[in-house]
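For ligands, and for the atoms within them, numbers begin at 1 and follow the listed sequence. Index from 1, following the sequence.
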Amino acid sequence: MAIKNLWSVLAGVGLVFTSLAVVGEDDRRRGLDVAPASLPLYQQECGSCHFAYQPGLLPATSWKKIMAGLDDHFGDNAALAATDRDAIENYLLYNAADHAREYRAVKIARSLYPEETPMRITEVPYIVHKHREIPSSVIKGNTQIGSLSNCNACHTRAETGSYSEREINVPGHGRWDD
Ligand code: HEC
Ligand code: HEC
């Protein structure tokens, strides 16, 4: 092999490795739809009645509003001691969709106007859009699901922050194929 060719082969191999490294980093980020809930106090207090929604699923203004009304929280009393409430609020605000880098968090933040402060993840335009093809008959009356708010009823790896289409299993419906 001519020296010149050898160099171009080596350069090519180098390129492949460099781009693999880049893809690896991108994939890691993209693989994370939202960062998993990482504060034990949050998981304990906000994961006792329902799935501990990751902070990246709502913008900071929404979390602020939710945390300001815990004594009347969707008809339940979810009030906390002031120190716990403050710690959880700080955690939520710091990691909210509009401050996060993960793929779905960015999508969620971008789907909202700055003044929009949905009280529910299931009211965020991006989330509504993603679920528009699920007939309500699949959810209503299905005791294994109950409502769209139960993310982990269908997203088998929701707790890890992954909502990938490949990991969806709608109870009574099975794997989801578009
Ligand atoms: C005492 C039970 C209880 C506790 C504790 C609780 N919640 Fe809830 N939460 C509810 C109920 C009930 C709903 C409405 C669920 C539904 O409509 O299916 C709800 C709904 C929500 C929703 C909207 C979900 C959607 O539909 O998109 C968010 C966000 C939420 N809670 C955040 C929190 C946070 C943050 C905490 C901790 C500070 C918390 N919850 C603690 C009972 C609770
Ligand atoms: C009834 C089952 C079910 C529930 C409950 C549910 N999802 Fe989904 N979700 C789906 C299905 C099915 C799709 C794919 C829809 C499609 O592509 O047609 C999807 C798509 C998504 C996507 C986009 C995934 C992609 O690859 O494009 C995200 C993000 C998501 N869901 C988040 C959530 C969150 C957050 C919750 C809870 C607030 C939730 N889902 C509750 C069934 C569900």
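Take atom 8 (Fe) of ligand 1 as the corner point: the lines to NE2 of His73 and to NE2 of His50 open at 180°, to the nearest 10 degrees.
Which parts of ligand 2 touch Lys130 is read off a 4.0 Å heavy-atom cut-off, strictly below it: atoms 15 (C), 16 (C), 23 (C), 27 (O). Contact atoms of ligand 1 toward Leu70: 38 (C) (distance under 4.0 Å to a heavy atom of the residue). Close approach of ligand 2 to Ile168 (heavy-atom distance below 4.0 Å) involves ligand atoms 9 (N), 10 (C), 11 (C), 12 (C), 13 (C), 14 (C), 19 (C). Of all atoms in ligand 2, listed by their number and element, those nearer than 4.0 Å to a heavy atom of Asn150 are 5 (C). Those atoms of ligand 2 that come under 4.0 Å of a heavy atom in Glu133, given as number and element, are 18 (O). Proximity to Ile139 (heavy-atom distance under 4.0 Å) selects the following atoms of ligand 2: 1 (C). In summary, the atoms of ligand 1 found under 4.0 Å from a heavy atom of Ser48, numbered by their order in the structure, are 5 (C).
Under 4.0 Å from ligand 1, the heavy atoms of Ile66 that appear belong solely to its side chain. Here Leu148 has no heavy atoms under 4.0 Å from ligand 1, in either its backbone or its side chain. Using a 4.0 Å cut-off between heavy atoms, Asp76 contacts ligand 1 through its side chain alone, with no backbone atom that close. The side chain of Met67, and not its backbone, has at least one atom closer than 4.0 Å to an atom of ligand 1 (non-hydrogen atoms only; side chain from C-beta on).
Considering both main-chain and side-chain atoms, Arg104 comes within under 3.5 Å of ligand 2 through a nitrogen or oxygen pair. Checking only distances, Tyr53 never comes within under 3.5 Å of ligand 1, N or O to N or O. Ligand 1 has a nitrogen or oxygen under 3.5 angstrom from a nitrogen or oxygen of Ile121.
One of the N, O or S atoms belonging to His131 lies under 2.8 Å away from atom 8 (Fe) of ligand 2.
For the pair Cys151 and Tyr53, the minimum side-chain heavy-atom distance is below 4.5 Å. Residues Thr122 and Val128 have side chains not in contact (no heavy-atom distance under 4.5 Å, counting atoms from C-beta outward). Between Arg157 and Tyr163 there is no side-chain heavy-atom pair separated by less than 4.5 Å. Taking the side chain as every heavy atom from C-beta outward, Leu112 and Pro59 approach each other to under 4.5 Å. In this structure the side chain of Pro36 never reaches within 4.5 angstrom of the side chain of Thr160, judged on heavy atoms.
No chain of hydrophobic side-chain contacts below 4.5 Å, direct or via other Ile, Leu, Val, Met, Phe, Trp or Tyr residues, connects Val106 to Ile121. By the rule that hydrophobic residues join a cluster once side-chain heavy atoms approach within less than 4.5 Å of another member, Tyr94 and Ile66 end up as members of separate clusters.
Between Cys154, Ser162, Cys151, it is Cys151 that holds the heavy atom closest to atom 34 (C) of ligand 2. The closest non-hydrogen atom to atom 1 (C) of ligand 1, taken over Cys49, Cys46, Ala79, comes from Cys49. With atom 19 (C) of ligand 1 as the reference point, the heavy atom nearest to it among Tyr91, Trp63, Phe74 is part of Phe74. Atom 15 (C) of ligand 1 has its nearest heavy-atom neighbour, among Glu45, Arg120, Glu123, Arg85, in Arg120.
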What do the steps show when you test Phe51 against Ser149 for side chain to side chain contact (heavy atoms under 4.5 Å, CB included), and what is the final call? CA-CA 8 Å; Phe51 172 65; Ser149 309; over 6 Å; no
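The backbone N or O of Thr117 lies less than 3.5 Å from a partner atom in the side chain of Lys65, making a donor-acceptor pair. Between the side chain of Asn142 and the backbone N or O of Gln144 there is at least one donor-acceptor pair closer than 3.5 Å. When atom types are taken as modelled, the side chain of Asp33 and the backbone of Ala105 share no donor-acceptor pair closer than 3.5 angstrom. In this structure, the side chain of His131 engages the main chain of Ile127 through a donor-acceptor pair within 3.5 Å.
Annotation: atom 18 (O) of ligand 1 to nearest protein heavy atom, Ser147 OG, 3.3 Å.
Across all non-hydrogen atoms, the minimal contact from Gln54 to Ala37 is CG-N, 3.7 Å.
Closest N/O/S atom of His155 to atom 8 (Fe) of ligand 2: NE2.
No heavy atom of Asp33 sits closer than 4.0 Å to any atom of ligand 2.
By the 30° and 60° cut-offs, the orientation of the rings of Trp63 relative to Tyr42 is perpendicular.
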